[in-house]
Amino acid sequence: MTYQNLIIHSIEKEQFSDTVVVVKSESTIEIEDQSIENFCDSLVDSYRNDNRISNTKFKENSSFKTIYKSFKNQEKSFVESTSEMIDSIASILEMTKTAKGGKFAFIEAEQSGNNFFYVFLIRDTKGGQIKYSEENSKYILNLIEYADTNNLAMAARVNFNIYNSSRENNLLNYLSFTYSGTKQDGVSDYFANWLGAAELHRNSEYANDLRKAILKIGDFDEEEYAGSATEKLQLVLNYAQSNNDDIINIYSLSEHLYGPDNRNLLRETCDENNYIFTERFKLISTSKGLFKNISVKAGEIKLQFPRSLFENEIIKVDDGIVVIENASLAEKILQDYESSSEA
């Protein structure tokens with residue numbers, strides 16, 4: 001990952017106090033040595049491995065979105081934009097008694113052709129990593145090799161490429177952020193409000209995109225967790241039924257389907273393909289059919305496939321004849337027949 005911009009501002013506020021002091025940096029931190037890159041890497045890696053991430057989009061009236069848009073349109077600099085953003089959340093914190101302040105690290109980065117805008121709220125309790133330089137009028141980093149991510153309170157990321165495409169497809173989710181619990185409530189409510197994050201999605205939507213992710217991963221062949229995508233779908237039902245509330249935890253489910261080494265596989269697949277995701281959701285009764293299979297045998301022919309293929313008429317019965325409209329399956333059948341004939 002290539003880092004283009006890094007700046008740190010802070011808000012000094014104690015819990016249950018309405019006194020807010022904003023300390024801003026007047027310039028960015030130069031990303032010119034490995035220790036600074038390592039600091040950024042630590043924050044980004046912590047975000048990637050955070051179980052509390054969910055994705056959505058901005059509300060239409062999001063002030064954060066307006067500032068971000070001005071920055072991407074080159075109407076405001078990175079320093080100006082982040083300065084306005086910190087003023088915005090300071091106003092929210094003044095009205096949020098239970099919230100605490102902290103250091104806000106803003107990072108702009110590029111990876112695999114994608115442009116990302118990150119925000120991290122860090123509670124630097126020891127005060128050793130991030131210090132304000134009166135001489136330079138900005139926050140600086142001590143010579144450190146990594147960020148103390150144990151004190152990373154919240155994080156957010158905007159994928160500009162998807163954000164840009166959302167003008168033509170308003171179903172795209174380009175904003176992801178940490179949240180508290182299964183809804184945007186509790187301690188993270190002010191953070192979501194600051195971002196102007198739209199409401200999280202319905203359980204049925206999470207289930208639908210979970211199915212898409214499993215089908216996207218396809219047949220899996222790693223040792224004891226090998227199995228077809230169809231078999232994995234059925235295992236989702238078994239997993240949900242193993243607890244009384246039919247709760248899906250995307251990370252433990254990923255381990256259940258693909259092994260401990262692939263704990264993040266489902267989330268990464270969702271992230272890469274713009275499928276919605278969240279840490280935990282309830283698999284409601286109307287969504288269970290998405291994961292049920294049809295398994296039949298007649299003579300020497302056996303078919304097993306997700307019910308959704310039948311509901312979408314990819315597999316159908318026409319005048320008593322089974323019709324499968326799948327070109328790749330037809331190609332594989334012919335290839336297998338021809339190879340066995342040559343042998």
Side-chain angles (χ1 to χ4, degrees), residues 6-29 43 46-47 50 52-54 56 58-71 76-107 117-134 136-141 147-158 175-200:
L6 167 64
I7 196 170
I8 298 174
H9 306 295
S10 81
I11 296 178
E12 298 175 3
K13 179 187 180 298
E14 296 299 324
Q15 195 171 28
F16 304 115
S17 169
D18 56 5
T19 300
V20 174
V21 178
V22 179
V23 182
K24 299 180 186 178
S25 294
E26 296 181 4
S27 59
T28 58
I29 297 173
L43 290 174
S46 179
Y47 163 84
D50 197 320
R52 302 168 299 157
I53 298 291
S54 188
T56 183
F58 289 126
K59 293 178 181 177
E60 284 300 318
N61 62 349
S62 166
S63 60
F64 189 101
K65 173 186 176 181
T66 301
I67 300 170
Y68 174 73
K69 183 179 178 181
S70 296
F71 165 61
K76 295 177 182 176
S77 69
F78 187 76
V79 175
E80 291 172 324
S81 300
T82 58
S83 177
E84 287 188 23
M85 289 173 177
I86 209 70
D87 284 337
S88 174
I89 195 169
S91 299
I92 294 174
L93 289 182
E94 282 182 335
M95 300 179 290
T96 311
K97 292 282 188 180
T98 56
K100 295 192 295 184
K103 308 291 196 306
F104 288 79
F106 295 83
I107 297 174
F117 185 91
Y118 289 94
V119 185
F120 301 96
L121 170 55
I122 306 167
R123 301 241 164 83
D124 187 24
T125 53
K126 296 180 181 178
Q129 291 193 321
I130 305 169
K131 292 202 171 188
Y132 191 80
S133 168
E134 295 289 349
N136 297 307
S137 299
K138 67 178 179 181
Y139 278 99
I140 60 173
L141 300 176
D148 184 3
T149 54
N150 291 326
N151 294 320
L152 179 61
M154 297 175 198
R157 187 190 75 178
V158 183
L175 170 66
S176 52
F177 66 102
T178 55
Y179 65 98
S180 175
T182 56
K183 297 189 297 182
Q184 293 172 179
D185 58 7
V187 296
S188 67
D189 188 41
Y190 74 86
F191 194 70
N193 290 339
W194 173 51
L195 296 170
E199 293 297 318
L200 298 182

* To do: Consider only side-chain N and O atoms of S81 and Y68, and report whether a donor and an acceptor are under 3.5 Å apart.
  => no
* For E134, what residues pass the side-chain contact (heavy atoms from CB on, under 4.5 Å) criterion, not counting sequence neighbours? -> Y132
* Asked: Between I11 and V21, is any pair of side-chain heavy atoms under 4.5 Å apart?
  -> no
* **By side-chain contact (heavy atoms from CB on, under 4.5 Å) - contacts of S77 (at least two apart)** => V79, E80
* Apply side chain to side chain donor-acceptor pair (under 3.5 Å) to the pair S133 and Y139, showing each step before the final yes or no. => CA-CA 6 Å; S133 168; Y139 278 99; over 6 Å; no
* salt bridge (charged side-chain N to carboxylate O under 4.0 Å, His left out) pairs, two or more places apart, involving residues 9-23 -> D18-K97
* Results of ring pair (Phe, Tyr, Trp, His ring centres under 6.0 Å) for Y47 - residues two or more places apart only -> Y118
* Asked: Do F58 and F64 come within less than 4.5 Å of each other through their side chains, counting heavy atoms only?
  -> yes
* Asked: K24: what forms a salt bridge (charged side-chain N to carboxylate O under 4.0 Å, His left out) with it, not counting sequence neighbours?
  -> D87
* Asked: Listed by chain and number, what are the side-chain contact (heavy atoms from CB on, under 4.5 Å) partners of T82, not counting sequence neighbours?
  -> I7, H9, F78, F106, F117
* Asked: By side-chain contact (heavy atoms from CB on, under 4.5 Å), which residues pair with S70, not counting sequence neighbours?
  -> E75, K76
* Is it true that a side-chain atom of S176 and a backbone atom of S54 form a donor plus acceptor pair closer than 3.5 Å? -> no
* Listed partners of K138 passing side-chain hydrogen bond (donor to acceptor under 3.5 Å, both in side chains), at least two apart -> E30
* Residues which pass side-chain hydrogen bond (donor to acceptor under 3.5 Å, both in side chains) with T28, listed by chain and number, not counting sequence neighbours -> none
* What do you reckon, is CD of E60 surrounded by more than 12 foreign heavy atoms closer than 6.0 Å? -> no
* Side-chain donor or acceptor of R123 paired with backbone N/O of K103 under 3.5 Å -> no
* To do: Just jot down the side-chain hydrogen bond (donor to acceptor under 3.5 Å, both in side chains) partners of T19, sequence neighbours excluded, or say none.
  => none
